[in-house]
**Q** 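I'd like to ask some things about the structure below.
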2 protein chains.
Amino acid sequence: MLFLRDLPRKEALRVLADYFPGLDLDAVEATLALLTAAQDLLEAHEAQIQSYGLSRGRFSVLMLLNRSPKGEASPSDLAKGAKVTRATITGLLDGLEKEGLVERIPHEEDRRRLRVRLTPKGRKSLGRMLPKHVSRVTSLVAPLDKKEMKTLTRLLDKVVEGLHGRAKK
Amino acid sequence: MLFLRDLPRKEALRVLADYFPGLDLDAVEATLALLTAAQDLLEAHEAQIQSYGLSRGRFSVLMLLNRSPKGEASPSDLAKGAKVTRATITGLLDGLEKEGLVERIPHEEDRRRLRVRLTPKGRKSLGRMLPKHVSRVTSLVAPLDKKEMKTLTRLLDKVVEGLHGRAKK
DNA sequence: GGCTAATAGTTAGGGACCTATCGATTTGGA
DNA sequence: TCCAAATCGATAGGTCCCTAACTATTAGCC
C-alpha cells in the first residue's frame with residue numbers, strides 16, 4: 001500500500017532524488033522507515049488478534065468492557081473508546097452477542113440506552129488470551145535495549161505531536 | 001482500535017502493571033508508542049492520499065505504473081507491487097479505467113495477459129500531485145533534527161527486522 | 001404542558017480488501 | 001505430441017468499516 005514499499009530502501013531513495021532534486025534524503029529515509037514500520041507493525045498486531053478468532057474491532061470492545069467499572073458500557077462509550085462509529089459498534093456487538101461473549105441489557109432509566117456487558121464466557125475468553133497477548137505484543141520491541149526503547153518512545157511522541165499540531169491549524 | 005488507545009499513556013501503564021506484575025514497563029511504553037504512532041501516521045498518510053480523490057490502492061497502482069519501464073505493467077505485477085491480491089487489482093483497475101487514468105491493453109503474445117498503462121490523463125494527474133505528496137509526506141518527520149531522523153530510522157529498522165525474523169521461525 | 005432539539009441505537013447502502021473458484025490460455029514433462 | 005499442471009485475469013461472496021438517514025425516546029425552553 002505504501003509509498004515505495006516494494007523497492008529496496010536505497011533504490012527508492014535514488015529514484016526519489018532523481019525526481020525531486022533538493023529533497024532532504026534523511027527525512028525521506030526516516031519517513032519511509034516510519035511508514036513501512038507502521039504498516040508491518042499493525043499487520044503483526046492484527047495477525048496476533050486474528051489468531052484468537054477476533055477482529056480488531058471486536059477485540060477492542062472486549063478490552064474496553066473488561067476494564068470498565070462493573071464490566072459495563074454503553075454502545076456510545078464503546079464507540080468512543082474503540083474509535084469507530086456507533087453504527088460500527090452495532091455490528092460488532094451483533095457478532096459478539098451471537099458468540100455469547102457479550103450481552104445487551106436495556107437501561108432502566110433511559111429506554112434509548114443499552115448497557116453492554118461481558119458474559120462469564122466473554123470474561124473467561126479474555127482472561128485466557130490477555131496474558132499471551134500482552135507478552136507477545138510487548139515483544140515487538142524486544143530487539144531494542146532499554147535505552148533504545150526510551151529513545152524510540154521519545155522520538156515517536158515527537159512525531160505524533162507534530163502530526164496533531166498540524167491537524168489543528 | 002489499538003490496545004489502550006483511549007487512555008492517557010501513564011494510566012494505561014499503571015493498569016497493565018496491576019494486571020501483569022513483573023512486566024517490563026519500558027517495553028510496554030515503547031510498544032504503545034509504536035502502535036499508536038503507527039496508527040496515526042497511516043491515517044495521516046491515507047488522508048493525504050484521499051485529498052487527491054484516490055484510495056490507497058489506486059494511488060499505489062498509479063505510482064507503480066509511473067515508474068515501470070514504459071509506464072506499463074501487468075495486473076499480476078501490480079498486485080505484487082501494491083501488496084494486494086490479483087482480485088483486488090481487478091477492482092482497482094475497473095475504477096481507474098472508468099476515470100480514464102489507466103487503460104487495459106491485450107497482450108500480443110499471451111492472450112491470458114493484459115498490459116496496464118497510464119493514459120496521458122493519468123500521467124498528468126500524477127504529475128500534478130506527486131511533488132506535493134512527497135513534500136507533505138516527508139514533512140511527517142519535520143519535528144526531528146537530522147540526528148534524530150537517523151536514530152529513528154535505525155531503531156525502526158531494528159524492530160522491523162525482528163518482526164520478519166520472528167515470522168520465519 | 002407541549003413542541004422543538006438533541007441523543008441513543010439501528011438500518012441501508014457503499015468502498016476496500018480478502019479467499020475461493022472459474023474459464024481461458026499456455027507450459028512442460030511423459 | 002498431448003494432456004495435466006500452472007498461470008492469468010475476472011467473478012462471487014464475505015468481512016470490516018464508513019456515512020447518511022431513520023425510529024424511539026428524552027431534555028429543554030416558551
Side-chain angles (χ1 to χ4, degrees), chain A residues 1-2 5 39 42-43 45-62 64-65 72-99 102-117, chain B residues 1-2 5 39 42-43 45-62 64-65 72-99 102-117:
Chain A
M1 82 165 248
L2 282 174
R5 193 96 182 61
Q39 176 82 348
L42 290 184
E43 262 165 32
H45 188 234
E46 178 136 25
Q48 195 63 44
I49 289 170
Q50 281 178 352
S51 78
Y52 317 136
L54 290 173
S55 70
R56 270 185 309 170
R58 290 189 192 182
F59 183 75
S60 294
V61 167
L62 294 185
L64 288 166
L65 287 175
E72 260 187 42
S74 70
S76 294
D77 291 343
L78 294 173
K80 265 188 219 106
K83 305 218 167 182
V84 296
T85 62
R86 282 173 303 155
T88 297
I89 289 292
T90 297
L92 295 175
L93 292 179
D94 286 349
L96 289 168
E97 200 168 32
K98 201 177 306 177
E99 286 178 28
V102 135
E103 53 188 341
R104 283 188 249 223
I105 300 165
H107 193 283
E108 292 83 358
E109 294 157 19
D110 186 338
R111 285 191 292 178
R112 290 170 305 181
R113 292 204 253 169
L114 287 178
R115 301 181 309 155
V116 180
R117 196 159 67 186
Chain B
M1 82 166 247
L2 283 173
R5 194 96 180 61
Q39 176 82 347
L42 290 185
E43 263 165 30
H45 188 233
E46 178 138 23
Q48 194 64 45
I49 288 170
Q50 281 177 352
S51 78
Y52 317 137
L54 290 173
S55 70
R56 271 185 308 171
R58 291 190 191 180
F59 183 75
S60 294
V61 168
L62 294 185
L64 289 166
L65 287 176
E72 265 187 39
S74 72
S76 292
D77 292 342
L78 294 172
K80 266 189 218 104
K83 304 219 167 181
V84 297
T85 61
R86 283 174 301 153
T88 298
I89 290 291
T90 296
L92 295 176
L93 292 180
D94 287 348
L96 288 168
E97 200 169 31
K98 202 178 305 176
E99 286 178 28
V102 134
E103 53 188 341
R104 283 188 248 223
I105 299 166
H107 193 284
E108 292 83 359
E109 294 157 20
D110 186 338
R111 283 190 292 178
R112 289 171 306 182
R113 291 203 253 169
L114 288 179
R115 301 182 308 153
V116 180
R117 196 159 67 181

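Naming: A, B, ... by sequence-line order, numbering from 1 per chain. No experiment lies behind these values; they were computed from the predicted model shown.
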**Q** Heavy atoms, side chains only, cut-off 4.5 Å: are A/L92 and A/S55 in contact?
**A**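 Yes. Closest side-chain heavy atoms under 4.5 Å.
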**Q** If you assign A/R58 and A/R111 each to the DNA chain D nucleotide with the nearest heavy atom, which residue ends up on the more 5' nucleotide?
**A**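 Between the two, 5'-proximity favours A/R58.
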**Q** Nearest to the side chain of B/S76, heavy atoms from C-beta on, is which of C/dG9, D/dC17, D/dC8?
**A**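 Nearest to the side chain of B/S76 among the choices is D/dC8.
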**Q** Need one value for B/Q50: base, sugar-phosphate or nothing, where a base atom within 4.0 Å counts as base even if backbone is also close, heavy atoms only.
**A**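 No contact.
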**Q** Taking syn as within 90° of 0 and anti otherwise, name the glycosidic form of C/dA5.
**A**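 Base orientation: syn.
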**Q** Checking base pairs now: Watson-Crick or wobble, both atom distances under 3.5 Å. What partners D/dG14?
**A**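 When the pairing criteria are applied, C/dC17 turns out to be the nucleotide that pairs with D/dG14.
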**Q** Can you tell which of B/R115, B/R104, B/R113 makes a salt bridge (charged side-chain N to carboxylate O under 4.0 Å, His left out) with B/E72?
**A**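 The salt bridge (charged side-chain N to carboxylate O under 4.0 Å, His left out) with B/E72 is passed solely by B/R115 among B/R115, B/R104, B/R113.
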**Q** Searching all strands shown, indicate the nucleotide that pairs with D/dT26 (Watson-Crick or G-U wobble; both distances under 3.5 Å).
**A**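 With both distances under 3.5 Å required, D/dT26 matches none.
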**Q** Within this structure, what is the CZ-to-P distance between A/R112 and D/dA27, rounded to whole angstrom?
**A**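 In whole Å, D/dA27 P and A/R112 CZ are 6 Å from each other.
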**Q** Quick check: do A/V102 and A/L62 have side-chain heavy atoms less than 4.5 Å from each other?
**A**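 When only atoms from C-beta onward are counted, A/L62 and A/V102 do touch, with a gap below 4.5 Å.
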**Q** Could you check B/L92 against A/S74 and say which one's nearest nucleotide on DNA chain C is further toward the 5' end?
**A**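 The 5'-side residue here is A/S74.
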**Q** Starting from C1' on D/dC8, measure out to CD on B/E109 and report it in whole angstrom.
**A**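 Going from CD in B/E109 over to C1' in D/dC8 covers 15 Å.
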**Q** In whole Å, what is the span from the CZ atom of B/F59 to the C1' atom of C/dG15?
**A**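 The distance from CZ of B/F59 to C1' of C/dG15 comes to 19 Å, rounded to the nearest Å.
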**Q** Does the side chain of B/P75 come within less than 4.5 Å of B/V116's, by heavy atoms?
**A**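 A side-chain contact exists here, since the closest heavy-atom pair is under 4.5 Å.
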**Q** How many Å lie between CD on A/E108 and P on C/dA8, as a whole number?
**A**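 Rounded to the whole Å, the gap is 17 Å.
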**Q** Once you round it to whole Å, what is the distance between P of D/dC8 and CD1 of B/I105?
**A**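 After rounding, the reported distance stands at 18 Å.
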**Q** If I take atom CD in residue B/E46 and atom P in nucleotide D/dC16, what distance separates them, rounded to the nearest angstrom?
**A**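 Going from B/E46 (CD) to D/dC16 (P), I get 18 Å.
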**Q** Check for a donor-acceptor pair, side chain of A/S60 on one end and backbone N or O of A/R56 on the other, with a separation under 3.5 Å.
**A**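 Here the side-chain-to-backbone pair exists.
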**Q** Between CG of B/L114 and CD of B/E103, what distance do you get to the nearest 0.5 Å?
**A**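 If I round to the nearest 0.5 Å, the distance is 11.5 Å.
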**Q** Tabulate atom names and distances for all N/O pairs under 3.5 angstrom spanning the protein and nucleotides 10-14 of chain D.
**A**
unit_1, atom_1, unit_2, atom_2, d
D/dA10, OP1, B/R104, NH1, 2.9
D/dA10, OP2, B/T90, OG1, 3.0
D/dA10, OP2, B/R104, NH1, 3.1

**Q** Rounded to whole angstrom units, what separation is found between the NE2 atom of A/H107 and the P atom of D/dT26?
**A**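 About 11 Å, once rounded to whole Å.
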**Q** Which whole-number value in Å describes the distance from A/I49 CD1 to D/dC16 P?
**A**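 That distance rounds to 12 Å.
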**Q** Does C/dC17 have its OP1 or OP2 closer than 4.0 Å to a side-chain nitrogen or oxygen of B/T85?
**A**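 No, because none of the side-chain N or O atoms of B/T85 sits under 4.0 Å from OP1 or OP2 of C/dC17.
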**Q** Just so I know, are the side chains of A/T90 and A/R86 near enough to count as touching, which here means a heavy-atom distance under 4.5 Å?
**A**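 A/T90 vs A/R86: side chains apart.
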